[in-house]
Amino acid sequence: MQGLNVQAGKTPNPFYNVGKKELIWDNDLNPEGGNFNYLWPLDEQTQVNITGGGFWVDQVSTGQNPALWGLQTYVKHSFSKPTYVLGGISGYEYPHLKGYTDLKSTWQSGSHDFFGNTSSGGVFAYNYELVELFGEFGTEICTMPVSTFGDWVNNRLAPEGKNTGWLIGGAGNKLKDPGSWQFVYDYREGQTDAVVGQFNYSDFLGGGTGGRGHQFCFTYQVAKNVQAGLTYLLDKFARPGVDEN
């Protein structure tokens, strides 16, 4: 079927990360399961992208396995090149995570960490049913490509004050030929149970949820297939019992 792609096994994360910023998903995440992507062109300037899948989160010999189900759709409309606007919505559900032990202990024996998520008695205190809204706009100013983007997520199964995360940012220039460069900035805030802390950006706060801060990234194209980059993070914890400084 034209425009349809189906994958199974361990694959790169199929879901779109707005601005390539990792509010929900770390870019290194390679989930295991099955997924599909369907690209539906409405006309020469507008296309709809639909992605869905089911994945294993963990596997146990007794009881029910935590899983992940996801469905995402976004619309991208291109004006005269390179100007475009993109907007979309996602839904993610983690069945059987509430009451389950922390995920790190099952992958690394003797090590326990909920990465900011709320626990009670050594197990997850909540389930996670995420709704995400995101948008992106790109254009060119004085021949320089620029973009701005935003992302918002809410966990419907966690209480107020623990269930929301968001980011906003922008990028200037584009990596292409040797000597080209790119600068990207974003600011984000994530409450403790907005997302599953094991899977979001592993560098922000040292990994996990419950914090806020800035990220500055500069990358230089040294030669073909060779880049040099510098990332600076200025963030603070906002987790119960953790010094926010």
Side-chain angles (χ1 to χ4, degrees), residues 13 15 17-33 55-60 65-70 72 90-134 151-169 186-215 231 233-245:
N13 184 5
F15 298 109
N17 259 346
V18 62
K20 297 183 178 179
K21 298 291 109 178
E22 301 142 299
L23 183 66
I24 300 178
W25 308 117
D26 190 291
N27 285 333
D28 292 333
L29 184 67
N30 294 305
E32 187 173 352
F55 310 91
W56 283 275
V57 171
D58 202 3
Q59 208 164 11
V60 292
N65 295 325
L68 164 65
W69 298 96
Q72 178 186 78
S90 310
Y92 304 106
E93 183 177 4
Y94 292 83
H96 316 308
L97 198 57
K98 182 179 179 180
Y100 196 80
T101 185
D102 70 292
L103 299 173
K104 186 177 183 182
S105 64
T106 65
W107 300 330
Q108 187 175 339
S109 179
S111 180
H112 298 272
D113 195 342
F114 284 88
F115 291 92
N117 292 149
T118 302
S119 63
S120 177
V123 296
F124 280 97
Y126 307 115
N127 273 319
Y128 292 79
E129 187 177 287
L130 312 182
V131 176
E132 178 192 24
L133 301 175
F134 58 90
D151 199 358
W152 176 88
V153 62
N154 179 267
N155 176 15
R156 298 179 60 251
L157 302 182
E160 290 291 332
K162 293 186 175 183
N163 63 354
T164 303
W166 61 273
L167 71 78
I168 189 168
D186 74 79
Y187 176 83
R188 69 185 68 201
E189 293 189 8
Q191 295 175 341
T192 53
D193 296 286
V195 300
V196 175
Q198 182 76 43
F199 298 141
N200 71 337
Y201 189 23
S202 61
D203 291 333
F204 188 73
L205 303 171
T209 62
R212 59 186 183 276
H214 309 266
Q215 179 178 230
T231 299
L233 294 163
L234 181 62
D235 48 38
K236 291 184 177 182
F237 284 105
R239 296 178 186 171
V242 178
D243 186 348
E244 72 168 18
N245 295 315

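Please read these numbers as outputs of a predicted model, since none were measured by experiment.
The closest side-chain heavy-atom distance from Val57 to Leu103 is below 4.5 Å. No side-chain heavy atom of Asn13 sits under 4.5 Å from any side-chain heavy atom of Asn30. A 4.5 Å side-chain heavy-atom check between Glu132 and Asp151 finds at least one atom pair inside the cut-off. Under the 4.5 Å side-chain criterion, counting only non-hydrogen atoms from C-beta, Leu205 is in contact with Asp235. Residues Phe124 and Ser119 fail the side-chain proximity criterion, which asks for heavy atoms closer than 4.5 Å. A 4.5 Å side-chain heavy-atom check between Val196 and Leu97 finds at least one atom pair inside the cut-off. Taking the side chain as every heavy atom from C-beta outward, Thr192 and Asn117 never approach each other to under 4.5 Å. Here the side chains of His214 and Leu233 are not in contact, with every heavy-atom distance at 4.5 Å or above.
If you take CG on Leu157 and NZ on Lys98, they are separated by 8.5 Å, rounding to the nearest 0.5 Å. For the atom pair CG of Leu130 and CD1 of Ile24, the computed distance is 6.0 Å after rounding to the nearest 0.5 Å. Here Gln72 contributes atom CD and Phe15 contributes atom CZ; the two are 6.5 Å apart, rounded to the nearest 0.5 Å. Atom CG of Asn27 and atom NZ of Lys21 lie 8.0 Å apart (nearest 0.5 Å). Atom-to-atom distance recorded for Leu68:CG and Asp58:CG is 13.0 Å, nearest 0.5 angstrom.
Aromatic ring orientation, Tyr187 versus Trp166: tilted (interplanar angle from 30° to 60°). Ring pair Phe199/Tyr94 is parallel by interplanar angle, where below 30° counts as parallel and above 60° as perpendicular. Between Phe204 and Tyr201, the angle of the ring planes stays under 30°, which puts this pair in the parallel group of the 30/60° scheme.
Residues passing the side-chain hydrogen bond (donor to acceptor under 3.5 Å, both in side chains) test with Asn65, sequence neighbours excluded: none.
Using modelled atom types, one finds no donor on one side chain facing an acceptor on the other under 3.5 Å when comparing Tyr126 with Asn155.
Contact between Phe115 and Asp113 at its shortest, heavy atoms only, is N-OD1, 2.7 Å. Here the closest non-hydrogen pair linking Ala194 and Gly165 is CB-N, 3.6 Å.
In this structure, the side chain of Gln191 engages the main chain of Asn163 through a donor-acceptor pair within 3.5 Å. Checked by atom type and distance alone, the side chain of Arg239 pairs as donor or acceptor with a backbone atom of Thr209 at under 3.5 Å.
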> Run the side-chain hydrogen bond (donor to acceptor under 3.5 Å, both in side chains) check on Glu22 and Asn200 step by step: do they pass?
Replying inline: CA-CA 6 Å; Glu22 301 142 299; Asn200 71 337; over 6 Å; no

>> Before you tell me yes or no, could you show the steps for Ser90 and Phe134 under side-chain contact (heavy atoms from CB on, under 4.5 Å), namely the whole-Å CA-CA distance, both residues' side-chain angles and the distance that decides it to 0.1 Å?
In response: CA-CA 9 Å; Ser90 310; Phe134 58 90; 3.4 Å; yes

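Two rings, from Tyr92 and Tyr128, have their centers 6.0 Å or more apart.
Residue pairs that meet the salt bridge (Lys or Arg N to Asp or Glu O under 4.0 Å) test with at least one member in residues 187-209, sequence neighbours left out, are Asp186-Arg188.
For CH2 of Trp152, the number of neighbouring non-hydrogen atoms (other residues, nucleotides, ligands) closer than 6.0 Å is greater than 12.
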